[in-house]
Amino acid sequence: MFHSIEKQLSRAFRDHIQARYGVDLPFGVEQPRQSDFGEMAVPAAFQLAKQLRQAPRKIAAELVDEVGPVPGVAAMEVAGNGYINIRLDRGAYGAALLADEPEATVAAGEKIIVEHTNINPNKAAHIGHVRNAALGDTFVRMMRALGQRVEVQNYIDNTGVQVADVVVGFKFLEDKGVADVKALLADSSVRFDYYCWDLYARTSGYYKDHPEALQWRAATLHSIEAGEGELSELAHLVADAVVEAHLATMLRLDVEYDVLPRESEILHLQFWASAFEQLKERKAIYLETEGKNAHCWVMPGLSEEGKVIVRSDGTVTYVGKDIAYQLWKFGLLGKDFYYRPFRKYADGRVLWITTDDATAERGDFGRGSRVYNVIDARQSYLQDVVAAGLRGLGYNDQADRSVHFSYEMVALSPRCCADLGIQLSEEDRKRTYVEVSGRKGLGVKADDLIDTLIAKALEEVDARHPESPAEERRRVASQIAVGALRYFLLKFTRNSVIAFDLQEALSFEGETGPYVQYAAVRARNILRKLEELGEKVPDFAAELSPEAMARQLQSEDFWQLLLAASKADSALERAVAAGEPAHVAKYAFQVAQAFNNFYHQYPIIHEENREKKVFLLWMTDFFRRQLERTAGILGIAIPDYM
RNA sequence: GCGCCCGUAGCUCAGCUGGAUAGAGCGGCUGGCUUCGAACCAGUAGGCCGGGGGUUCGAGUCCCUCCGGGCGCACCA
């Protein structure tokens, strides 16, 4: 509601300024610093003053006189040295919210592709991976909430060096073959992804002292590429099992995908060959004849030496494959995968996986008009190379619509390392944070963290609801844990490095997910309590006349509360435009805060004046809906009780 | 050396395409549970927005410069 008035207001002023002064003036509707200035402010007179060479206050006065009425706006006044402050018609505003008029959403024509998670399937997921997934998943939910069509891809690099290193660990360090690994997989006392976590760190360490062991890696990669031999079979065993583990971990956090494109298919279906032909044909890369990159195919431009795309031995680098993949996402490659259904989520959504089996189905994946790659900031150079590849092929539009949705890493605070018993060097101890490293096995595993959070939440739930069934308490604790974790990772803006602190992440008070959940639970409790007392939740539309609504909203307090609760669409649109899930998190917290304030200050069920009571109940229900919806966009469920 | 990011309250961070008196959480201090459950609420202290120039009617926000910190710049992914 707030947002639709914002849009109408902005349009009215823009049209009027265009007609009256002949200027197309892009300006945003602001929110005044002080609430007694009104609900919105238009700063257009300042910008116009520059062009018209007149005093802003005079222009503002003209605008107010001439712009004409805007639906929902009760008054406009000139303030300061040229602000136009807007006062809304409170009764009409409340009545519109009561009528629950649906907001106009964007017509979903084009498809947006979001790639996120993208964890190498060779070890357990860690906290940094969870930030990636939380950001990607939330951004997807945000766009879907605006009515956009979004496809979620989780790319699986099942043929890369990292998988190969774990295979090397199994085969050459532990002398385990296919049968042994299968036995390990069948052993329910072993968490396979954890096992690989340690093994990967061990193999990486081994290379350091035994550089000759790198030939094992080469042999493994060769076997994988050829698609034959025991090493290749081991690689598939490892990657498939770890992918399963990752999907399970992510499902705990309510993260789901539409399709899993795998590198093995990119290899077997020769995606790279098609991309290579295009790149050569359009001269986006050239064969270097001298210098250190001699005999390599190189993409010029980004650095002095250029970026090697094809090595002198003829193999393609990671970026090369990524260019092919990016071309496919836009439907520009001229090739497609085959697909088979991989699993069905509880909500009915089917997750597909790619296959090279030509008898399998064709699918409706890729061919996006806009692509977001959720990848950490350290890879921005490589993402630039990919975009440059598109440009080199003449796909400038697609390059522009190819967004590196970057975010900073999750590091560990020194205190957190101490809590986890991680030994630090003298040097690291002085730093404000320590970078996690899969190679060193240094990091917080996602499942461990979730388990710890659930245990802590369960203590709280047990203390408060000892009478509830254990299974139910467990579910509530799990929802609280996920709420806490997702909120914690989302409340930071993307380019802020998170110095992960266990104690902070375990907090359920203040600006946290549980705070938001608690507010929603309280709102529900009131409505439930009412029914327990033998009353019915009123038919608000029937009982609250426009006059009654206007009367109640004369209270400045109520008005401000309702205003705060009704800005979801405005907040959401800004957050999507800025690409910042943190803005939604912040908004959710503000609504929760407003509700807690309301809850504390006004007895609702015991209110004796009928009109006021109905109004208060409506406010409670309105807050509840807004809290549930906003939390839902953050991927945070509301427990039955807390 | 080159490129990107960061520097705002004791700590962790917001601050929307430049706008009115710089905000929140935590921590500190003071108060509030016989009430719709206190995972809550109210109050309070705490700031040359890293330094210096500039652009502008107006700068935490844009430009330049310096200082401090982080991350990239492989025939690894």
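Since this is a predicted model, take the numbers as computed values, not measurements. Numbered from 1 within each chain, the chains take letters A, B, ... in sequence-line order.
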B:C62 versus B:U56 - spacing of their C1' atoms, nearest Å
10 Å
Just how far, in rounded Å, is C1' of B:A38 from CE of A:M642?
13 Å
Taking the six-membered ring for Trp, are A:F139 and A:F405 closer than 6.0 Å centroid to centroid?
yes
Could you check which nucleotide pairs with B:G60 in any of the strands shown, counting Watson-Crick or G-U wobble with both distances under 3.5 Å?
none
Does a side-chain N or O of A:N293 approach OP1 or OP2 of B:C75 to a distance below 4.0 Å, or not?
yes
Rounded distance in Å between the P positions of B:G58 and B:G31
48 Å
Please work out whether the ring planes of A:F558 and A:F615 are parallel, tilted or perpendicular, with thresholds of 30° and 60°.
tilted
Rounding to an integer number of angstrom, what distance separates B:G1 and B:C66 when you compare their P atoms?
11 Å
Given B:U12, B:G15, B:C71, identify the nucleotide with an atom nearest to the side chain of A:E435.
B:C71
hbond_proxy A:H583 side chain to B:G15 base (donor-acceptor, 3.5 Å cutoff):
no
So, does A:Y518 get its side chain near the phosphate of B:G37, meaning an N or O under 4.0 Å from OP1 or OP2?
no
Table of protein N/O atoms under 3.5 Å from nucleotides 3-6 of chain B N/O atoms:
unit_1: B:C6; atom_1: OP1; unit_2: A:N495; atom_2: ND2; d: 3.3

I'd like to check the side chain to side chain contact (heavy atoms under 4.5 Å, CB included) partners of A:E535; sequence neighbours left out, ordered by chain and number.
A:L530, A:R610, A:K613
By side chain to side chain contact (heavy atoms under 4.5 Å, CB included), A:A387 pairs with (sequence neighbours left out) A:R391
Does A:S406 offer a backbone N or O that forms a donor-acceptor pair with the side chain of A:R494 under 3.5 Å?
yes
Report yes or no: do A:N154 and A:T117 form a side-chain donor-acceptor pair below 3.5 Å?
no
Rounded to the Å, how far apart are A:R574 CZ and B:A14 C1'?
12 Å
A:F276 and A:W297 aromatic ring geometry - parallel, tilted or perpendicular at 30°/60° bounds
perpendicular
Gap between atoms CZ and C1', on A:R524 and B:G37 respectively (whole Å)
16 Å
Residues 506-515 of chain A, side-chain donor-acceptor partners within the protein, below 3.5 Å, at least two apart:
unit_1: A:S507; atom_1: OG; unit_2: A:E509; atom_2: N; d: 3.3
unit_1: A:S507; atom_1: OG; unit_2: A:E509; atom_2: O; d: 3.3
unit_1: A:E511; atom_1: OE2; unit_2: A:Y487; atom_2: OH; d: 3.1
unit_1: A:T512; atom_1: OG1; unit_2: A:F508; atom_2: O; d: 3.4
unit_1: A:T512; atom_1: OG1; unit_2: A:Y515; atom_2: N; d: 3.2
unit_1: A:Y515; atom_1: OH; unit_2: A:N596; atom_2: ND2; d: 3.2

Who are the side chain to side chain contact (heavy atoms under 4.5 Å, CB included) partners of A:R57, not counting sequence neighbours?
A:V78
Per-nucleotide protein contact string for nucleotides 20-32 of chain B, where B marks a base within reach and S marks sugar-phosphate only (heavy atoms under 4.0 Å, - for neither)
BB-SSSS-----B
Applying side-chain hydrogen bond (donor to acceptor under 3.5 Å, both in side chains), run through A:T159 and A:R262 and close with a yes or a no.
CA-CA 9 Å; A:T159 62; A:R262 291 191 299 187; over 6 Å; no
Does B:U44 have a Watson-Crick or wobble partner in any strand here, with both distances under 3.5 angstrom, and which is it?
B:G28
Report the base-pairing partner of B:U34 (Watson-Crick or G-U wobble, both distances below 3.5 angstrom), or none.
none
OP1, OP2 of B:G58 versus side-chain N and O of A:N81: anything below 4.0 Å?
no
What's the gap between B:C13 and B:G51 when it is taken at their C1' atoms, as a whole Å value?
23 Å
Among B:A77, B:C41, B:A39, the one nearest A:Y318 by side-chain distance
B:A77
Whole angstrom is fine here: how far is it from CE in A:M409 over to P in B:G70?
9 Å
Atom-to-atom span, CZ of A:F276 to C1' of B:C75 - whole angstrom
13 Å
Between B:G28 and B:C64, how far apart are the two P atoms, rounded to whole Å?
43 Å
Compare side-chain N and O positions of A:Y602 against OP1 and OP2 of B:C41 and report whether any pair is under 4.0 Å apart.
no
Using purine N1 to pyrimidine N3 plus N6-O4 or O6-N4 for Watson-Crick, or N1-O2 and O6-N3 for G-U wobble, each under 3.5 Å, what pairs with B:C4?
B:G70
Taking B:A77, B:C75, B:A38 as options, the one with an atom nearest any side-chain atom of A:C296 is B:C75
Which one, B:A77, B:C41, B:G72, comes nearest to the side chain of A:Y381?
B:G72
Rounded to whole angstrom, note down the C1' distance from B:C67 over to B:G25.
30 Å
Applying the side chain to side chain donor-acceptor pair (under 3.5 Å) criterion to A:Y407, which one of A:N132, A:N495, A:T493 satisfies it?
A:N132
Atom CZ of A:R217 and atom P of B:A77: how far apart are they, to the nearest Å?
9 Å
Taking the P atom in each of B:C6 and B:U44, what is the distance between them to the nearest angstrom?
34 Å
So, OP1 or OP2 of B:A38: does either fall under 4.0 Å of a side-chain N or O from A:R522?
yes
Distance check, C1' atoms only: B:G50 and B:A39, in whole angstrom units.
38 Å
